[in-house]
Amino acid sequence: MSSAVVAGTDRTRFSREIAALNMKPLWERVMRLGAGTAAVPAIWRWKEVRPLLERACELITATEAERRVLMLENPALEGTTFITPTLFAGLQAILPNEVAPTHRHAPNALRFILEGEGAYTAIEGERVMMRPGDFVVTPGWTWHDHGNVGTKPVVWLDGLDTAFANIFGAHFREDYPEETQSPSRPEGDSAARYGANLLPVDRGAQGHTSPILSYPYERTRAALEQLSKNGEPHPAHGWKLRYANPVTGGHAFPTMAVFMQWLPKGFSGREYRSTDGTIFCVFEGQGGVDIGETHFDLAPRDVFVVPSWEPYRFEARADCVIFSYSDRAAQEALGFWRESVL
Ligand code: 1HN
């Protein structure tokens with residue numbers, strides 16, 4: 001027997017022996033070495049999802065469900081409920097006259113409104129009406145409930161940074177003693193304080209998350225459309241803006257970065273990758289995306305995920321407006337974030 005084989009069997013025996021003491025040899029390299037995660041590209045097509053949301057509305061009330069949400073779980077992360085290792089995504093529906101009761105939790109949440117008018121979210125006593133294309137912020141540990149005072153179902157995409165709270169062992173949640181909060185601040189209060197390129201002169205916003213509760217679509221869209229009339233688009237992103245916390249100039253959340261981009265009709269993007277796993281939601285337009293070897297055709301309200309460090313590129317058959325969120329804010333804050341235009 002060669003000495004290498006002897007060493008091999010000795011090492012195998014050694015590994016087994018130390019396993020009993022909850023140890024493993026680093027030299028067996030069982031851990032991931034290299035960028036990327038276990039998550040895989042996936043898409044949830046509106047044409048398939050919309051009827052399922054309708055069925056969910058027949059099966060359970062918003063009150064009984066607490067939140068009537070279909071979770072978008074990454075097929076490679078089964079059992080986690082997450083769409084990437086760090087982020088949650090779900091589609092929530094609320095019918096006319098329904099209420100989703102008040103609670104609070106440590107994770108931050110975002111809403112991107114997909115369909116319907118007349119729903120509101122109330123955050124710490126302030127009601128915010130939600131309209132299609134709006135990006136609405138629910139800072140962590142704020143009381144929030146939702147209601148629909150309109151005549152049609154309202155659907156939105158929920159994004160949460162749940163995994164961060166879980167990893168840190170800091171995931172707290174609490175129910176409010178009553179179903180709904182009574183309004184304690186007038187509608188439009190936070191928009192006036194923080195959403196007009198002005199800030200309170202004395203005591204600013206507390207906390208880590210943007211105090212602007214809603215970023216209305218018409219303003220975001222107008223900004224992008226104006227940009228698209230001037231200069232050249234980024235080779236990979238087209239015209240892309242990030243939502244800012246007006247107090248810090250940084251990202252809207254300490255963990256999640258949130259974006260909207262405009263791809264002009266005929267756009268054929270360069271391949272790009274970055275370390276932030278990203279959830280995209282098409283809001284307007286038609287096109288396609290290649291993610292590694294995977295191709296998805298894209299239509300309005302489709303949601304898809306580009307995992308960390310997977311190369312992807314866009315094609316636009318019509319002018320496209322695409323919303324997205326990722327864990328880039330956390331990665332930048334911690335010094336991990338990287339990108340490359342390929
Ligand atoms: C939650 O509180 C909401 O408040 C939505 O609308 C989705 C997913 C997991 C945990 C809490 C909401 C959620 C959630």
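Remember, it's 1-based here, ligands and their atoms both numbered in the order they're listed.
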Glu284 and Arg221 ion-paired at < 4.0 Å: yes
request  = Kindly assign one of parallel, tilted or perpendicular to the pair Trp156 and His146, based on the angle between their ring planes and the thresholds 30° and 60°.
outcome  = perpendicular
Exercise. Examine the side chains of Tyr215 and Ser210 and answer whether a donor and an acceptor come within less than 3.5 Å of each other.
Key: yes
inquiry  = Determine whether the aromatic ring centres of residues Phe323 and Phe280 are separated by less than 6.0 angstrom.
reply    = no
Expected contact list for ligand 1 at under 4.0 angstrom, heavy-atom basis, is Arg67, Phe88, Gln92, His103, His105, Arg111, His144, His146, Asp158, Leu160
With sequence neighbours left out, the residues meeting side-chain hydrogen bond (donor to acceptor under 3.5 Å, both in side chains) with Gln92 are Asp158
- Geometric cation-pi criterion, Arg242 with Phe259: 6.0 Å, 45°: no
